[in-house]
Amino acid sequence: MYDYKNIEKKWQKYWEDNKTYKVEIDKNKKKFYSLVEFPYPSGAGVHVGHVKGQTAVDIFSRFKRMNGYNVLNAMGWDAFGLPAENFAIKNKKHPGDFTKKNIENFRRQIKSFGPSFDWDREIDTTDPKYYKWTQWIFLKLFEMGLAYEKDAPINWCPSCKTGLANEEVLDGKCERCESVVEQKNMKQWFLKITDYAEKLLADLDDLDWPEYIKTSQKNWIGKSEGAEIDFEIDGFSEKIKVFTTRIDTIFGCSYVVLAPENKLVLKLKAKIKNWQEVQNYINEIKNKTDLERTDLNKNKSGVCLEGVWAINPFNKERVSIFLADYVLASYGTGAVMAVPAHDERDFEFAKKYNLDIKRVIAKENSSNDNNEECYVDDGFLINSEKFSGLTSFQAREKMIIEGQKNNFVEKKINYKLRDWLFSRQRYWGEPIPIVKCSKCGNVPVPEEELPLVLPEIENYEPSGTGESPLAKIDSWVNVKCPKCGQLAKRETNTMPQWAGSSWYFLRYIDPHNEKKMASEESLKYFMPVDIYFGGAEHTTVHLLYSRFWNKALYDQGIVPVSEPYKRRVQHGLILAEDGRKMSKRWGNVINPDDVIESYGADVMRVYIMFMGPYGDTSAWSTSAINGINRFVNKIWSLLEKEVCDELADKETLNILHKTIKKVGEDIENISFHTAISQLMILLNYLSSLEKINKEVFNVYLKLLAPFTPHLSEEMYQRLNSDVNQSIFDFSWPEYDLDLIKDEKVKIAIQINGKLRDSLEVNFDSEEDFILSLAKERELVQKWLENKEIVKIIFVKNRLINIVVK
RNA sequence: GCCGAUGUGGUGAAACUGGCAAACACGCACGACUCAAAAUCGUGUGCCGCAAGGCUUGUGGGUUCAAGUCCCACCAUCGGCACCA
């Protein structure tokens, strides 16, 4: 039996002592940067999902390394975050202590399954040496005008008396106390990711990422091209600017809608006859939670501003103005033109309030269109004066040109993407390095004063005013303005958890540099990340934020590439044996420690990779892991065989070289489960042999090595007593295409496309020869009796199909 | 509602460019070893049929000598977004 307990420990110690996986810049070698998302070190310890990603990155890295690349592969901790803070509040302890303990546990667990990380490059986002540079990047963004402050509503829990991050709000309720979350206006920091919307969108095209991630990001950015149209207001100098992508429908506009928050309404107050009603409506909406507003999908509400009218600039028609909650203040201009006949929402609203429904787009190119339904697609214009008869596409172009000429239309692109809310009213995060001076405004903390260290504090409980707990430390808050020297106050909000993870891949490259975020030389050598493994939950947020930071730094000439991640691979979830998500609540969590205890790290690694396609969700199976245990022990038992130096026979070489080819290609394509099945096929073959050629044996161990590093090292040492190097110092075996060619092939004989018989012939045998052999077969003759051969289809080395009548 | 993904044995799944569907495993059955069990090893295992043979990749159609693979329509499941004008 394979003694995994001792052998795995032995090799882990060997790797650590010999710094086997240490990597330095080596310009004689091609670099390869593989990355896996670094974990948040929770109290629960490493999850099998972490094992999946980390094993994958390890297999890939070891494979690349054996192929001669200088591989950078490191691990770290995304350690700021709420669980640590909540723990601190509850236990009156510093969140850092809790975090430190968790990190130690994570490190121990990860090391116990033997990944090839260069541990000298380990990073921790809560370490001031690390977050010094998170703050430094923030200041760069501030300098670039990409970090700014503005009043914005935040999620406010009235019972916990604190602001909440979006991630802490579940179904409109506070995650901790379940009270309904309110919106509260506060001055907040934002990062202007919208400035990069176009680049973030356009550059997706060149990335080797799964199409579904690209689509998701595209949808998230949500580009839409259209126009802004000015509607004059009868009797006022103010105009209503609306945004639309369907200017072609403008002759069907029967009213204009403002978001209830739109300030314009105050200016119209004097002429609004039903002001009381309007005001009530505004208040009603203000008191609605986000939950209620978005949940009211089916029941749109609104109020008409009686006594005022907007004027459609195309036909000078007077239309009513409404306030309605189905228009979002935060998108476009906060106002829309309503075309009930050609927009579902307007249609619904118009029916409810009995408003005009004018049809201006017809499906077919004919003037009559009696359709009573709402028609939202493009078509041909009708009832649109001189534009009638045009297609929607043509009309949009012409109308925009005409509108531009007359100064009431502007071309406009809008994005769904919003600026990134960057401040949190929390303790356990990077302090935002800004001093607020009544004279100078927001002043950056001078670079030489970084890191601005998170101060020690007595009580982590939020203050209740919506401010961060840092606001309570007068000695920290009160400082002199770095610019004018007068008394000023520090910004007391901290950064969100996303900050540290938005650039950690840059720090791995040069983690101990005290003068720079990373040296130019090292960035130039190692960037970009060649392959990035991770989970599907980061499809939009983390991947988008970190692309944005990288692009901003690229524009400053700090990083050498505009896109950080060349290739992205995401893994599917591992469910519990019962098919549900693993959760403490169900008591169905698989702890990697237990798996390693009963089977060893190599079995766990291979099992997790063999569960199914890497990107698919699959359920844990105790009996299936037993099968892998058998596999690993069967490999071990090869050592009992006689090893010889006699030349291996053709059959052996054939299957061996097929395996070299397939395993290499499968790893490259992230098809680990089929690579493993090929390794099983070769094992079954080797096990059936009387004796094994030593070279063949060695090649097999190398092919196994990325998957079962401990086992392969041990067996390699035992087999080659003269070698005292790691198997990973040797190169990946090469295959010979000539040896892969089969000498004999099985040819299927089909009659009318149905399999009737088969033949074994020499490779590359010709059609005539095979046909004559086939005709002699009894099984074939039976089907050819009294039939006329119409056609012969021959595919070399595969099949012959005889078509008869 | 929109977008995306996926549908193949009892289960996880495989199948290169259209070319012998079910590789490799799990499970199950039988056998060997054992007083017995576990472990291990061996044999078998898509479905119907005694057999010849027939049927089979979510459903229905189509293209083709040949379709899991291509085209059209539909159904189901999962995931994401969700009043973005």
Side-chain angles (χ1 to χ4, degrees), chain A residues 1 210-216 218-224 226 242-247 249 257 259 293-300 324-328 330-339 342-346 348-349 376 414-418 536-537 539-540 572-573 606-607 610-613 615-631 633-634 637 662 665 671 673-684 687 745-759 782 790-804:
Chain A
M1 281 292 277
E211 222 33 63
Y212 76 95
I213 303 180
K214 292 190 190 180
T215 318
S216 265
K218 277 178 196 162
N219 292 340
W220 189 271
I221 294 169
K223 180 179 184 173
S224 63
V242 303
F243 173 72
T244 180
T245 55
R246 292 297 303 276
I247 194 171
T249 63
V257 197
R293 257 185 94 161
T294 48
D295 230 40
L296 287 174
N297 244 339
K298 300 257 158 65
N299 221 343
K300 298 195 187 333
D325 66 347
Y326 77 94
V327 171
L328 303 174
S330 53
Y331 184 77
T333 57
V336 303
M337 64 175 207
V339 184
H342 306 292
D343 181 283
E344 303 265 6
R345 296 154 297 187
D346 299 340
E348 195 188 313
F349 191 81
V376 297
N414 267 318
Y415 299 93
K416 275 200 253 181
L417 185 71
R418 302 292 149 82
E537 68 276 21
T539 299
T540 41
L573 221 59
V606 175
Y607 170 62
F610 191 64
M611 288 178 87
D616 284 14
T617 296
S618 28
W620 192 267
S621 156
T622 305
S623 57
I625 195 170
N626 252 314
I628 301 301
N629 193 34
R630 277 198 279 262
F631 169 60
N633 276 292
K634 200 168 166 185
S637 64
K662 181 153 176 64
E665 287 172 356
S671 181
H673 65 310
T674 52
I676 293 166
S677 83
Q678 185 63 33
L679 289 167
M680 287 171 170
I681 291 170
L682 180 53
L683 175 66
N684 292 343
S687 300
V745 285
K746 209 176 107 196
I747 303 288
I749 307 175
Q750 298 181 338
I751 315 283
N752 286 350
K754 291 213 171 191
L755 180 70
R756 293 303 179 192
D757 201 355
S758 65
L759 280 173
K782 198 173 101 187
V790 193
K791 201 173 179 183
I792 306 282
I793 310 284
F794 176 69
V795 185
K796 214 180 221 179
N797 298 323
R798 285 195 188 275
L799 59 78
I800 185 158
N801 184 11
I802 304 170
V803 186
V804 297

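Here the structure is a predicted model, which is why all the values come from computation and not from measurement. Below, chain A is the first sequence line, B the second, and so on; all start at residue 1.
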So what does A/Ser758 hit on the nucleic acid, given a heavy-atom distance under 4.0 Å: a base, only sugar-phosphate, or nothing? nothing

Is it the case that the side chain of A/Asn752 and the backbone of A/Val804 share a donor-acceptor pair, with hydrogens and angles ignored and the cut-off at 3.5 Å? yes

Ignoring hydrogens and angles, answer whether the base of B/C16 and the side-chain atoms of A/Arg798 contain a donor-acceptor pair closer than 3.5 Å. yes

For a quick test of reading the model: is some side-chain N or O of A/Lys214 closer than 4.0 Å to OP1 or OP2 of B/C3? no

Does a side-chain N or O of A/Thr540 approach OP1 or OP2 of B/G80 to a distance below 4.0 Å, or not? no

Is the phosphate of B/A25, meaning OP1 or OP2, less than 4.0 Å from a side-chain N or O of A/Arg630? no

With respect to the phosphate group of B/A25, does any side-chain polar atom (N or O) of A/Asn684 fall under 4.0 Å of OP1 or OP2? yes

Between A/Lys223 and A/Asn414: side-chain donor-acceptor atoms closer than 3.5 Å: no

Quick note, A/Ser677 side chain, CB onward, closest among B/A85, B/C41, B/A23 is B/A23

Any strand, both distances under 3.5 Å, Watson-Crick or G-U wobble: B/C70 pairs with B/G62

Counting distance only, does the side-chain N/O of A/Tyr607 pair as donor-acceptor with the main-chain N or O of A/Ser621 below 3.5 Å? yes

Over-ring placement of A/Lys300 relative to A/Tyr326, 6.0 Å and 45° cut-offs: yes

Between B/A85, B/A13, B/C26, which nucleotide gets closest to the side-chain atoms of A/His673? B/A13

5′-ward residue of the pair A/Tyr212/A/Asn752 relative to RNA chain B: A/Tyr212

Proximal nucleotide (of B/A85, B/A14, B/C20) relative to the A/Leu799 side chain: B/C20

By nearest atom, which of the nucleotides B/C24, B/A85, B/C20 is closest to the A/Ile681 side chain? B/C24

Base, sugar-phosphate, or nothing: which does A/Thr244 touch, judged by heavy atoms less than 4.0 Å apart? sugar-phosphate

Decide, for B/G9, between syn and anti: a glycosidic angle within 90° of 0 counts as syn, anything else as anti. syn

Is there a donor-acceptor pair under 3.5 Å between the side chain of A/Asn219 and the backbone N or O of A/Gly222? no

Identify which nucleotide among B/G4, B/C83, B/A85 has an atom closest to any side-chain atom of A/Tyr331, counting heavy atoms from C-beta outward. B/A85

